[in-house]
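The figures that follow rest on heavy atoms only: side chains count, while hydrogens, waters and symmetry mates do not. Throughout, residue positions are numbered sequentially from 1 according to the sequence presented.
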Amino acid sequence: MNAFMKYLALFFFSVFSCGLDAQDTEVVISIDTLSPEVYMLTGQGGNIGIYVGQDHVFMIDDQFDRLSEKIRNAIEGITEKPITFLFNTHMHGDHTGGNANFNDMNTTIIAHDNVRDRVRETQQEALEEAKITPDYLKKMLPEVTFSNDITFHDGEETIMGMHVHNAHTDGDAIYYFATNNVLHMGDTYVAGTYPYIDIKSGGSVDGYIEAQKKALMVVNEDTRIIPGHGRPSTKADLQKNVVMLEDLRSKVLEAIRAGKSLEEVKSDSSLSDAYDSAYGNGFIKPEVLRESFYTSLKSE
């Protein structure tokens, strides 16, 4: 197993089992107010978006199963309105782990078509080992899915869900609250760290960059951007991120065209050293970033 695949295994272990290793860790759900009606909740896992509409709450992602009560309590501290719609940005467990807990008679889960398939696949082994019940699996799955785009209207607010192709995964969607001017990007953008591109689940370097370029066509200088992980960001932050990713792509492509092997690219710190101090201290380290870029671009 090469280093990148080891990181993939570690990632999925942390995504789907993190709660088992951290049950004694005190997780605090913090709240950022991004607009009069939109909030970002941070705990453990992907950032959650909350829009308080005229009569209902629209929620984006739900972190891990074990945090659901804390998350619900935090939302109730913002509003007493019911959660009617829960959007998943993609399939990973740190964004969908609480689906079954929030999926009740009042709440409908919505996601791209591929999210339903991917969540089913990831939960199938647990079902076969009797770690979960068929009812739990059913409640984990999005009930409304879309192939490209979906739009909701709530009073003066228009909520647009837009699929971005083969980016972080093959089922990513970004959600834009037009009146409040807030964009939730899921893991198609992470603030201040190198990205994890899940090639195994349909992600790609080119798709990841194109997803961020699509987002730049939607936002303006006043837009508040919710990243999958990290602090709220601006258009300028996202533009800077695209420049970094495109530069890395160019350098790795040049190395591939020069006949460099995977091992040579992995060990060549000059390819990413201009960005390593700023972006290389998160989950994805520089060597793993170079490996993932090579693997994706070589296959494309």
Salt bridge check: are [X] and [Y] linked by an N-O gap of less than 4.0 Å?
X: Glu129; Y: Lys131; result: yes
X: Glu254; Y: Lys251; result: no
X: Lys70; Y: Glu26; result: yes

Pair Asp65, Asn101 - check side-chain contact (heavy atoms from CB on, under 4.5 Å), show working. CA-CA 7 Å; Asp65 176 282; Asn101 294 331; 3.3 Å; yes
Are Phe87 and Phe152 an aromatic pair by the rule of ring centers under 6.0 Å? yes
Are the aromatic rings of His112 and His165 close, with centres under 6.0 Å apart? no
Quick one: [atom1] on [X] to [atom2] on [Y], what's the gap to the nearest 0.5 Å?
X: Glu128; Y: Leu137; atom1: CD; atom2: CG; result: 10.5 Å
X: Ile174; Y: Asp187; atom1: CD1; atom2: CG; result: 13.0 Å
X: Gln239; Y: Lys235; atom1: CD; atom2: NZ; result: 5.5 Å
X: Tyr39; Y: Leu34; atom1: OH; atom2: CG; result: 9.5 Å
X: Ile199; Y: Asn166; atom1: CD1; atom2: CG; result: 11.5 Å
X: Thr188; Y: Ile197; atom1: OG1; atom2: CD1; result: 11.0 Å

Answer with yes or no whether the hydrophobic clustering places [X] together with [Y]; edges join I, L, V, M, F, W, Y residues whose side-chain heavy atoms lie under 4.5 Å apart.
X: Ile110; Y: Met162; value: no
X: Ile226; Y: Val190; value: no
X: Met185; Y: Ile159; value: no
X: Val182; Y: Val52; value: no
X: Met160; Y: Phe146; value: no

Contact check, side chains of [X] and [Y], non-hydrogen atoms, under 4.5 Å:
X: Lys214; Y: Glu210; answer: no
X: Leu271; Y: Phe293; answer: no
X: Leu289; Y: Pro195; answer: yes
X: Arg224; Y: Asp32; answer: no
X: Asp237; Y: Ile225; answer: no
X: Glu246; Y: Lys213; answer: yes
X: Ile75; Y: Leu41; answer: yes
X: His229; Y: Asp94; answer: yes

Between [X] (side chain) and [Y] (backbone), is there a donor-acceptor pair under 3.5 Å?
X: His184; Y: Asn47; result: yes
X: Ser296; Y: Ser292; result: no
X: Thr158; Y: Ala178; result: no
X: Asn103; Y: Met140; result: no
X: Glu287; Y: Ser267; result: no
X: Ser204; Y: Gly207; result: yes
X: Gln63; Y: Gly46; result: yes
X: Arg249; Y: Ile209; result: no
X: Lys285; Y: Gly282; result: yes
X: Asp172; Y: Thr169; result: yes

State, without any angle test, whether [X] and [Y] hold a side-chain donor-acceptor pair at a distance under 3.5 Å.
X: His92; Y: Asp198; answer: yes
X: Tyr194; Y: Asn281; answer: no
X: Thr145; Y: Asp113; answer: yes
X: Thr89; Y: Asp61; answer: yes
X: Tyr294; Y: Asp268; answer: no
X: Ser269; Y: Asp273; answer: no

More than 12 foreign heavy atoms under 6.0 Å from CD of Glu121: is that the case here? yes
If you count every heavy atom of other residues, nucleotides or ligands that lies below 6.0 Å from Lys81 atom NZ, does the total exceed 12? yes
Can you name the closest pair of heavy atoms from [X] and [Y] and give their distance?
X: Gly202; Y: Arg118; result: N-NH2, 3.9 Å
X: Glu143; Y: Thr107; result: OE1-O, 3.8 Å
X: Ala191; Y: Ser233; result: CB-OG, 3.7 Å
X: Ser272; Y: Arg290; result: OG-NH1, 2.9 Å
X: Val265; Y: Lys260; result: CG2-CB, 4.1 Å
X: Tyr208; Y: His168; result: CD1-N, 3.7 Å

Among Phe177, Phe85, Tyr175, the one residue meeting ring pair (Phe, Tyr, Trp, His ring centres under 6.0 Å) with Tyr51: Phe177
Which one of Thr234, Asn181, Asn180 satisfies the side-chain hydrogen bond (donor to acceptor under 3.5 Å, both in side chains) criterion with Thr223? Asn181
Go through the steps to decide whether Asn99 and Leu141 satisfy the test side-chain contact (heavy atoms from CB on, under 4.5 Å), and finish with yes or no. CA-CA 7 Å; Asn99 275 11; Leu141 302 178; over 6 Å; no
